[in-house]
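Reviewing the structure listed below.
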Amino acid sequence: MVSDRQNIEKGSDAEFFADMRNTVDAPGATDHVATDDDDVIRELGPGLVHSLFSAIKTVQVHDLGNRATQRSLTELQEHLRTLFALDSVVSLRVSPDYIHLNDVRLNIESQSYGPFTYVMEGVRERDVETIELYPEVNADECGIFLKEFFGEIPDDDVFDTVETRLSSAGVVNIKIVQWVDRERHLQAQTDEKRNIRKESTQVFFRTVLLMGEVLRGIEQRRVLRVKKAERLTQQMVDIIQTDETILLGLTSIRNFDEYTFTHSVNVCILSMLIADRLQLYKSDIARLGVAALLHDIGKTYVPQSILNKPSKLDGRDWELMKYHTFFGVKELSRIKAPREIIDGLFVALQHHVHFNGDGYPQKSDGWDLRLFSRIVTVADYYDAMTTPRIYKMDPVYPDRALRFVLSKSGQIFDPLIAKVFIQAMGLYPIGTVVELDTAERGVVVKQNEASRFIHRPMVTPVLPDGTFSAGVEPLDLSERNRNGRGFRRSIVGTIYDEVVEYEKADFFMKE
Ligand SMILES: [Fe+2]
Ligand SMILES: [Fe+2]
């Protein structure tokens, strides 16, 4: 079933991407997000595979002392030298369809298809998954290795025989890793992923629960549980610094009933993500998290009839709504832990003050707009915009919300923070539902590791009935067509579909 509210927004995506890429790549942009080395490896990779291929071919025909052999080994050695400048080990790992050089997956261009396939199959036929080369390796040792490794394949115990052959030939600076090790490694990775998934879901819902208690508790004038909030945000920083994918997926789930609670938690996570990318200290990130959780605490003083009004607020109602910033300060001042809550006081007061001084309350000359407040403003706007509300049933799509953040950079938002936020979220944030040019639909589950493919994330396909499963391998939108020209799938627009939104909750929460 496809919801009748399904709405496909197309249009000037090309401009948007160009615009965004200019911003992201602009000189002076913070440099800790882009993985420049990965891009270099991707550039160098095909050259290495080609020279490896021709060296294998040459050593099969000629002796090691032959001039042609020496030439191809020297060329191979030059490629290796460039790679050793980046890392102390060069590792070539094959998976069924790809070659990974130092864990960076190489794109197979059409003209490289032959050499890539030859190397991949040759390695796999010998039960080998990874070849590791160490800096001490020289051209002669490379030659001996290639001759022994790519020599005749024995009938049984392929790996052991090849390994023995190599050590008897005196190869010490090139190591081979058996295929089976990879499986064990993958299992360990899967276990770790499962743990992070579980931890992310637990900490998210514990925090939502706590916010429920805090906000209801305040209505009954109970003491705020800052210590518990601190523990939860510390746990969240650990997750963000390991793998924030699931936490971000959870913030993309839209739940009408508990808006105030989930909004606080979402703003907390998004703010901490920005702070992490700004490379703040871990303890500061956690403190910001607590402040962000409590940013709208003053709303408990605003009557429900105003908070849930289905139409735009005007006159007295709007004035009262704006007062939630002062009410927040008032509420937080009651807490008997001034040191822990001082950031919260400022964030509660300042999160609607714009970077240029507009917004509310009127900025006073007596105080500065603090870093934490500027961070929370970005996170708060983004989450509020992308969430459907009683008075705004159709939310802004995540990519459009990011475009808004970009367009108001320097006015509402601190330009550096806006830029860092967009870099951290990708052009299509995790959880965005997209339509592809193949008429398929998908949910963004991971950003592409290569910064130049910021507009080509990994998406899990959505079936026609709106369901999708964590067991299905995500599609990599940077995958090229078979002929190497163009891409297999591209995003044509973002979608809002209630069924998919509902399924998303299940998807990101499943263990
Ligand atoms: Fe607010
Ligand atoms: Fe808010």
Side-chain angles (χ1 to χ4, degrees), residues 204 207-208 210-212 214-216 218-219 224 229 233 250-275 288-304 306-309 312-313 317-333 341 343-355 357-363 367 369-392 395-396 398 401-402 404-405 408 412-414 417-418 421:
F204 183 87
T207 318
V208 171
L210 172 74
M211 286 320 290
V214 164
L215 296 170
R216 288 200 197 95
I218 281 168
E219 284 162 18
L224 226 156
T233 57
L250 292 169
T251 67
S252 80
I253 296 168
R254 301 301 166 204
N255 184 332
F256 291 91
D257 303 337
E258 295 185 329
Y259 171 72
T260 330
F261 314 153
T262 49
H263 170 66
S264 307
V265 181
N266 293 349
V267 172
C268 162
I269 292 169
L270 298 174
S271 299
M272 291 200 293
L273 178 76
I274 296 171
L288 164 66
V290 176
L293 273 179
L294 302 173
H295 78 280
D296 270 341
I297 203 164
K299 281 196 181 166
T300 47
Y301 287 74
V302 179
Q304 287 292 329
I306 296 180
L307 290 175
N308 296 330
K309 203 169 186 171
K312 217 169 173 250
L313 296 181
D317 287 352
W318 177 233
E319 285 307 315
L320 196 59
M321 180 63 125
K322 290 204 287 194
Y323 253 79
H324 80 273
T325 51
F326 293 122
F327 291 143
V329 174
K330 181 180 168 195
E331 182 55 38
L332 293 174
S333 311
I341 219 64
D343 301 302
L345 283 175
F346 277 100
V347 167
L349 178 70
Q350 299 180 335
H351 70 277
H352 288 286
V353 178
H354 298 174
F355 183 69
D358 290 350
Y360 65 89
Q362 174 95 55
K363 189 183 171 307
W367 46 261
L369 194 50
R370 291 199 165 198
L371 174 67
F372 280 10
S373 310
R374 283 176 273 139
I375 293 175
V376 171
T377 304
V378 174
D380 183 35
Y381 247 97
Y382 175 83
D383 188 68
M385 264 192 291
T386 50
T387 307
R389 306 282 288 279
I390 290 167
Y391 52 85
K392 182 191 76 180
V396 178
L402 285 178
F404 176 81
V405 170
K408 297 295 177 192
I412 301 179
F413 309 114
D414 178 325
I417 294 167
F421 181 63

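Whatever order the structure lists them in is the order used to number ligands and atoms, beginning at 1. Small disclaimer: the values here were computed from a predicted structure and weren't measured. Scope of the values below: all heavy atoms of this structure, side chains included, with no hydrogens, waters or symmetry mates.
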Hey, does the side chain of K363 reach the backbone of W367 with a donor-acceptor pair shorter than 3.5 angstrom? yes
- Message: Using a 3.5 Å distance criterion without hydrogens, assess whether the side chain of S373 forms a donor-acceptor pair with backbone atoms of L369.
- Response: no
Look at the aromatic rings of Y381 and F413 and report parallel, tilted or perpendicular, splitting at 30° and 60°. perpendicular
**Message:** Looking only at side-chain N and O atoms, does H295 offer a donor or acceptor that is under 3.5 Å from a partner on H352?
**Reply:** no
Tightest non-hydrogen contact, residues A418 and V405, listed as CB-CG1, 3.8 Å
dist L273:CG -> C268:SG (nearest 0.5 Å) comes out at 11.0 Å
Under 2.8 Å from the Fe ion (ligand 1), the protein N, O or S atoms found are D296 OD1, H324 NE2, H351 NE2, H352 NE2
